Amino acid sequence: MKTKTNLFEAIIHGIFLILGLITVGCVLLISVYLIISGIPAIREIGLLDFLFGDTWASTASEPKYGILPFILTSIYGTAGAIILGVPVGFLTAVYLAKVAPIQVKNVMEQAVGLLAGIPSVVYGLVGMMVLVPGIRELFDIPDGAGLLAAIIVLAVMILPSIIKMSITALEAVPKEYEDASLALGATPEETYFRVSVPAAKSGIAAAVVLGVGRAIGEAMAVMMVAGNVPNMPDSLFQSVRFLTTAVASEMSYSSGLQRQALFSIALVLFLFIMLINAALNFFLKGERNK
Amino acid sequence: MISNRRKMFLWTVRGAMYLAAVLTGALTLFIMGYVLLKGIPNVTWELLSTKPSYLSGNIGILPDILNTVYIVIAALAIVLPLGVGAAVYLTEYASSKKIVAVIEYAAEALSGIPSIIYGLVGMLMFSNSFGTCLMSGALTLVIMNLPTIMRSTQESLKTVPQAYREGAFGLGAGKWRVIRTVVLPQCLDGVLTGCILSVGRILGESAALLFTAGFAHALNGFFEGLSSAGATLTVALYVYAKEQGEFEVAFAIAAILMILSFIINLSAVMVTKYFQRRNAV
């Protein structure tokens, strides 16, 4: 009787262990698949030619597979989105966490939640219909689809996660810190920006890194507004391709070396994301150890 | 009292904060208002209840709606046991801190991977063996949503008081029986919240589905649908807007997606409130 129950419990334990390890298995599987399918093209093209080649002409009679334009576009695009999105998101978060009346805060938090739930294709659609014609009219250029439009769309898309995470970090600052600062005669605004914000800095840094991850990984919205021509990102109005959209735009009709090169691009993107994840973990650990 | 320099700082900071908050609010209002105003007039019964036909030039999104429903059902049916099981293992069984750390790290890594990479890997793993079909898409979504379900279940498992477990053990119940009859019923709220969040994510997903589930608009039953290619609402939006230039249909779908995401946000809030009240009693 006893051994029978023990066996039964051991089997159940084993089943749950397997279920627990599925997550780990998935991560390993994804990494292995990406590496295996990404390496051959890099080998054939040559690592340096692939990473630092400045022309992508995959369908030319003499194909060239240089992804420097995509890498630079992804970096510029993300940096631009951060430059636009972070100040707005950060200041909104300080306002909501510290200044806003409770009703305003509740309404705004709901609104930000909704903004976070909007599918990326809807952002892309609004960008296509409002932003792209807007940029074309405003700057008097033939086509508004390009780097600038992508940057603005990405900035709006990372706003909710930056606001949410910064609010959480700011609200975790002990009330005593602020009370002490106020008691010393600092104004409320000085207290928020000179005491609360520095105290919440690793949480806010994590929010920014999360924003970077979102921006660099976004594909569909960018695909709809960035123009999709594999140019070097020389100007804000240039029609460009990101790492993500480079994969998405040729996948459906690619074959042979071209297809393998797309997998290599995905591998490069994956490595970027892993770096960003590591940075995120670093900042979150700082937050927890405080 | 306050020096001019401090006053300057005060007013700049105050101005900047209000400006940023107003900008965020205005952006949210604008996007929602714009999509709803442009989209709702185009949402007609005919659009919702027919399938597209090249012969008559008719555009209907019924197949896309059904595909979305199928893929949500299929993905949830698979991811629920996996996610809940993983959470149970982490909180109830795992005795080694290392394993817990590894699993949690893996879950974090999964939630950071962009959906286009899921799409690509899903294509390699599933579409190459099952073909481009809704099932391949659903399996890809299973991997994507595993961390969501796992984490929300785990959060609510942690709130089940240790005394409940000890009480049940004291009455002579085995571990599995305690989990099944005492612990799991208590964490229903976490499972439900996880489901709602996942449904939201699945509804909004497009990049991961483009290459795994394809973009056909055929009208199918459930099982037949799962084994054939099909576009969900988001993918259909993309195809109509970007490839076919049918902006009215695209806006109609966008408005529907927007309303669905209102409902999802609202129900997530309501579930949390309901269980908070129930647990407080």
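Treat the numbers as computed from the prediction; the structure is a model and nothing was measured. Order of the sequence lines fixes the chain letters, A, B, ..., with proteins taken first and strands second; residue numbering starts at 1 for each chain.
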A/Glu189 with B/Arg14: basic N within carboxylate O range, under 4.0 Å: yes
Chain A contact via B/Leu82 - side chain, backbone, both or neither, heavy atoms under 4.5 Å: both
Residues in salt bridge (Lys or Arg N to Asp or Glu O under 4.0 Å) contact with B/Glu246, at least two apart in sequence or another chain: none
Side chain to side chain, A/Leu159 and B/Leu27, heavy atoms closer than 4.5 Å: yes
Atom of B/Leu146, atom of A/Cys26 and distance for their closest heavy-atom approach: CD2-SG, 4.5 Å
From A/Leu243 atom CG to B/Ile116 atom CD1, the distance as rounded to the nearest 0.5 Å: 11.0 Å
Winner by heavy-atom pair count (cut-off under 4.5 Å) against chain B, out of A/Leu34, A/Val130, A/Val104: A/Val130
Any side-chain heavy-atom pair of A/His13 and B/Lys175 under 4.5 Å: no
For A/Leu115 against B/Met32, the heavy-atom pair lying closest together: N-CE, 4.2 Å
Exercise: identify the closest heavy-atom pair between A/Ala111 and B/Thr28: O-CG2, 3.6 Å
Toward chain A, the part of B/Phe251 with a non-hydrogen atom under 4.5 Å: both
Flag side-chain contact, heavy atom, 4.5 Å: B/Val13 against A/Tyr192: no
A/Met223 versus B/Lys242, closest heavy-atom pair with distance: O-CE, 3.3 Å
Contacting moiety of A/Val88, where chain B heavy atoms sit under 4.5 Å: both
Residue selection (most heavy-atom pairs with chain A, distance under 4.5 Å) from B/Leu260, B/Ile31, B/Ile103, B/Leu29: B/Ile103
Candidate pair B/Met17 and A/Phe193, rule side-chain contact (heavy atoms from CB on, under 4.5 Å), full reasoning: CA-CA 11 Å; B/Met17 262 187 331; A/Phe193 282 89; 3.8 Å; yes
Set of residues satisfying ring-ring contact (aromatic ring centres under 6.0 Å, His included) with respect to B/Tyr118, sequence neighbours excluded: none
Residues that A/Tyr95 engages under ring-ring contact (aromatic ring centres under 6.0 Å, His included), provided they are two or more places apart: B/Tyr18
Options A/Val27, A/Val122, A/Ile12, ranked by heavy-atom pairs under 4.5 Å with chain B, top entry: A/Ile12
Pick from A/Thr245, A/Leu96, A/Ile30 with the largest number of heavy-atom pairs that fall under 4.5 Å of chain B: A/Ile30
Residue A/Met128 versus chain B: region with a heavy atom under 4.5 Å: side chain
Reported CD-to-CG distance for the pair B/Glu108 and A/Leu280, which is rounded to 0.5 angstrom: 7.5 Å
Side-chain heavy atoms of A/Thr187 within contact of B/Phe9, under 4.5 Å: no
Working for side-chain contact (heavy atoms from CB on, under 4.5 Å), residues A/Phe263 and B/Leu124: CA-CA 10 Å; A/Phe263 288 126; B/Leu124 289 171; 3.5 Å; yes
Side-chain touch B/Leu10/A/Glu190, heavy atoms, less than 4.5 angstrom: no
Side chain / backbone / both / neither for B/Phe262 at chain A, heavy atoms under 4.5 Å: both
Reported OG-to-CD1 distance for the pair A/Ser31 and B/Ile113, which is rounded to 0.5 angstrom: 6.5 Å
Which portion of B/Pro81 sits near chain A, non-hydrogen atoms under 4.5 angstrom: backbone
Contact winner vs chain B - A/Ile276, A/Leu125, A/Ile273, heavy-atom pairs under 4.5 Å: A/Leu125
Toward chain B: residues of residues 213-221 of chain A with heavy atoms under 4.5 Å: A/Gly217, A/Ala219, A/Met220
Proximal component of A/Ile163, with respect to chain B [non-hydrogen, under 4.5 Å]: side chain
Distance, nearest 0.5 Å, that separates CG of B/Leu110 from CD1 of A/Ile22: 11.5 Å
Passing option when B/Ile117 is tested against A/Leu267, A/Leu269, A/Thr244 for side-chain contact (heavy atoms from CB on, under 4.5 Å): A/Leu269
Criterion side-chain contact (heavy atoms from CB on, under 4.5 Å) on A/Asn281 and B/Tyr105, from CA distance to verdict: CA-CA 9 Å; A/Asn281 272 324; B/Tyr105 187 81; 3.0 Å; yes
Intermediate values then yes/no, side-chain contact (heavy atoms from CB on, under 4.5 Å), A/Leu19 and B/Tyr89: CA-CA 8 Å; A/Leu19 289 177; B/Tyr89 177 76; 5.8 Å; no
Max heavy-atom pair count under 4.5 Å with chain A, selected residue of B/Ala109, B/Ser115, B/Gly200: B/Ala109
Check: A/Thr92 side chain, B/Ala20 main-chain N or O, donor-acceptor pair, under 3.5 Å: yes
Geometric class of the A/Phe16/B/Trp176 ring pair [parallel <30°, tilted 30-60°, perpendicular >60°]: tilted
B/Gln244, CD atom: more than 12 neighbouring heavy atoms under 6.0 Å: yes
Largest heavy-atom contact set with chain B, pairs under 4.5 Å, which of A/Pro160, A/Gly113, A/Ser120: A/Gly113
Which atoms of A/Phe90 approach chain B - backbone, side chain, both or neither, heavy atom under 4.5 Å: neither
Gap separating the CG atom of A/Leu91 from the CG atom of B/Leu19, nearest 0.5 angstrom: 9.0 Å
Top contributor to chain A contacts, counting heavy-atom pairs under 4.5 Å, from B/Val269, B/Val121, B/Leu210: B/Val121
Distance, nearest 0.5 Å, that separates OG of A/Ser37 from CE of B/Met123: 8.5 Å
